[in-house]
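Chain identifiers are assigned alphabetically (A, B, ...) following the order of the sequence lines, protein sequences preceding nucleic acid strands; residue numbering begins at 1 within each chain.
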2 protein chains.
Amino acid sequence: MSTEDIKNKLTERGLKVTPQRMAILEAIYNLKNHPTAENIIDYIKKMHPNIATGTVYKVLGALVDNRLVKKVKTENDIMRYDGVMKSHHHLYCMESDVIKDYVDEELDELLQNYFAKKNLPGFKIEDIVLQVKGTFNK
Amino acid sequence: MSTEDIKNKLTERGLKVTPQRMAILEAIYNLKNHPTAENIIDYIKKMHPNIATGTVYKVLGALVDNRLVKKVKTENDIMRYDGVMKSHHHLYCMESDVIKDYVDEELDELLQNYFAKKNLPGFKIEDIVLQVKGTFNK
DNA sequence: CTCCTAAAAGAGAATGATTCTCATCTAAAT
DNA sequence: ATTTAGATGAGAATCATTCTCTTTTAGGAG
C-alpha cells in the first residue's frame, strides 16, 4: 500500500490529507493482528514523537466513520482496528485473546445462500460475520 | 426460572449461594436484551437498594468465570450479559446497537458440517458464533 | 502566490465503566 | 456453636477513550 494509495483513499472519502492521517493509515495497513491505539501510537512515534493520544483516537474515529477502517472488539480486550474492509470472518483464540482474519469465499456463499432462503422477519441483513472461537495449537 | 433452579445452578458450580448472586442471576434471566451492569443494578435495587457497584461487577465476573453467564459486547457499547449459555447467534442492529439472540439449529448443523470438512491448521474449534449485522425495520 | 475558512491537531482535563484494596460480613461445613 | 474461606461493602484507583478550547493547517478560491 503506497503513500499515493493511502492519499487517494482519504481524498475519495472527502477527508483532508494530513500527515497524521497518512501515518495512522500506514500503521494500520502494516501492523499485523488488528492493532490497538497504543500499537499505532508506538508505530508512528518515530515520525510523530509528540502526537497527542487524543488526536490518534480522533483520527481513528474519523477513519471508522468514513468506512476506511473497522473496529474489532472481543469480550476481554480493548478496541482494535482493522484496515481490511472487505467482509471477512475471525478466528478467535479464547486463551490468548488473539484474533485472526479468516477469509473464505465458499463460506460466504454458503451463508449468503442460506439467508437468502431464510426468513428473518423485520431484519435487513447487511453483513454476516462468523466468529470461530477456539484455541491455537502450540 | 425458579429460585430453587437458580440456587441449584450456583451450587452445581461450587459457588456459594448469596442473596446478591441469587438476585443478579434472577435479573439476568428476567431482563430482556442482554442487560448491562447498570440494568441489573436498577432491577435489584428494590431488594438491594445499597448494593455496591463493585459487588455487582464482582458477582458478574464470578458468574462468567464459572460459565453461568456470558459476556456480550459490540464495537459501540458497554459490556452486556447473557444468561443463555447454549450456543446461539446474534442479530445485531447497526443503527440502534441492539443485539437479539438468534437460535437456528439448522444453521448450527450446516456450520458444524462445513468446518468438520474444512482444514483450519493449528486451530481447535470450540464454538461458532454468527453475527448477522443489519437493521431492524420499523 | 495570498488569503480565507472550515476542519484538524494539540495539550491536557474529564469521563465513566470497570477493577482494586482492605476491612467486615457471612455461607456453609463441622 | 464455632470456624474458615469466600463474599460483600465502600470508596478509591485505573485507564481507555472522549471532551474542551485554542492553535494550526489543508486545500480551495481568487
Side-chain angles (χ1 to χ4, degrees), chain A residues 3-4 6-25 27-28 34-42 44-45 47-66 68-81 97, chain B residues 3-4 6-25 27-28 34-42 44-45 47-66 68-81 97:
Chain A
T3 299
E4 204 60 30
I6 294 175
K7 188 173 171 184
N8 286 339
K9 279 182 173 289
L10 289 168
T11 53
E12 277 165 19
R13 298 298 162 100
L15 291 178
K16 286 185 184 178
V17 180
T18 68
Q20 293 87 354
R21 287 177 172 170
M22 293 290 291
I24 289 173
L25 264 180
I28 291 170
H34 308 89
T36 62
E38 192 181 349
N39 298 146
I40 292 164
I41 291 168
D42 284 346
I44 65 177
K45 77 175 26 167
M47 301 185 52
H48 299 266
N50 300 308
I51 193 166
T53 303
T55 295
V56 172
Y57 278 108
K58 265 183 287 192
V59 170
L60 288 168
L63 296 178
V64 168
D65 287 347
N66 285 280
L68 288 173
V69 168
K70 277 185 186 171
K71 292 185 182 180
V72 181
K73 184 76 173 75
T74 69
E75 276 87 25
N76 297 303
D77 197 14
I78 58 175
M79 189 68 68
R80 290 174 175 272
Y81 299 87
D97 223 39
Chain B
T3 299
E4 204 59 33
I6 294 176
K7 187 173 171 184
N8 286 339
K9 279 185 174 285
L10 288 169
T11 52
E12 277 166 17
R13 298 300 161 100
L15 290 177
K16 289 186 180 177
V17 179
T18 67
Q20 293 88 348
R21 287 175 174 173
M22 295 290 289
I24 289 173
L25 264 179
I28 290 170
H34 308 88
T36 64
E38 192 181 350
N39 297 146
I40 292 163
I41 290 168
D42 284 346
I44 66 176
K45 76 173 30 167
M47 300 186 52
H48 299 266
N50 300 307
I51 194 167
T53 303
T55 296
V56 172
Y57 278 108
K58 268 184 285 195
V59 169
L60 288 169
L63 297 178
V64 168
D65 288 347
N66 286 278
L68 288 172
V69 167
K70 275 185 186 172
K71 291 184 180 180
V72 181
K73 185 76 175 70
T74 68
E75 276 87 24
N76 297 303
D77 196 15
I78 59 175
M79 190 68 68
R80 290 176 173 272
Y81 299 87
D97 224 39

- Apply the test side-chain hydrogen bond (donor to acceptor under 3.5 Å, both in side chains) to residues B/N39 and B/T36: give CA-CA distance (whole Å), side-chain angles for both, the deciding distance (0.1 Å), then the verdict. CA-CA 5 Å; B/N39 297 146; B/T36 64; 3.1 Å; yes
- Using the side-chain contact (heavy atoms from CB on, under 4.5 Å) rule, take A/K71 and A/Y81 through it: C-alpha gap first, then chi angles, then the decisive distance, then the call. CA-CA 5 Å; A/K71 292 185 182 180; A/Y81 299 87; 3.9 Å; yes
Could you list all N or O pairs between the protein and nucleotides 11-15 of chain D that sit under 3.5 Å apart?
none

- Can you tell me how far P of D/dT17 sits from CD of A/E38, to the nearest Å? 10 Å
- What do the steps show when you test B/L68 against B/I28 for side-chain contact (heavy atoms from CB on, under 4.5 Å), and what is the final call? CA-CA 10 Å; B/L68 288 172; B/I28 290 170; over 6 Å; no
- Message: I'd like to know whether CD of A/E38 has more than 12 heavy-atom contacts from other residues, nucleotides or ligands below 6.0 angstrom.
- Response: no
- Message: Expressed as a whole number of angstroms, how long is the span from A/R21:CZ to D/dG27:C1'?
- Response: 13 Å
- Query: Do the side chain of B/R80 and the main chain of B/V72 share a donor and acceptor less than 3.5 angstrom apart?
  - Reply: no
- Query: Do the side-chain N or O atoms of B/Y57 get closer than 4.0 angstrom to the phosphate oxygens (OP1, OP2) of C/dT18?
  - Reply: yes
- Task: Could you tell me the separation between the CD1 atom of A/I41 and the C1' atom of D/dA16, rounded to a whole number of Å?
- Result: 10 Å
Show me the protein contacts with nucleotides 22-28 of chain C, counting only N or O atoms at under 3.5 Å.
from, atom 1, to, atom 2, distance (Å)
C/dA27, O3', B/V17, O, 3.4
C/dA28, OP1, B/V17, N, 2.7

- Rounded to whole Å, CD of A/Q20 lies from P of D/dT25 at a distance of 9 Å
- Integer-rounded Å distance: C/dA9 C1' and A/L63 CG: 14 Å
Could you pull out all donor-acceptor pairs under 3.5 Å where a side-chain atom in residues 10-18 of chain B meets a protein atom, sequence neighbours excluded?
from, atom 1, to, atom 2, distance (Å)
B/T11, OG1, B/K7, O, 3.3
B/T11, OG1, B/N8, O, 3.1
B/R13, NH1, B/N66, O, 2.6
B/R13, NH1, B/R67, O, 3.1
B/T18, OG1, B/R21, N, 3.2

- In whole angstroms, the gap separating C1' of D/dA7 from CG of B/L60 amounts to 14 Å
- Message: I need the CD1-C1' distance between A/I44 and C/dA9, as an integer number of Å.
- Response: 12 Å
- Task: To the nearest Å, give me how far apart CG (B/N50) and C1' (D/dA10) are.
- Result: 11 Å
- Query: Are there more than 12 heavy atoms of other residues, nucleotides or ligands under 6.0 Å from atom NZ of B/K70?
  - Reply: yes
- Item | Criterion side-chain contact (heavy atoms from CB on, under 4.5 Å) on B/L25 and B/V59, from CA distance to verdict | CA-CA 9 Å; B/L25 264 179; B/V59 169; over 6 Å; no
- Message: Within the structure provided, determine whether B/I51 and B/K45 are in side-chain contact (heavy-atom separation under 4.5 Å).
- Response: no
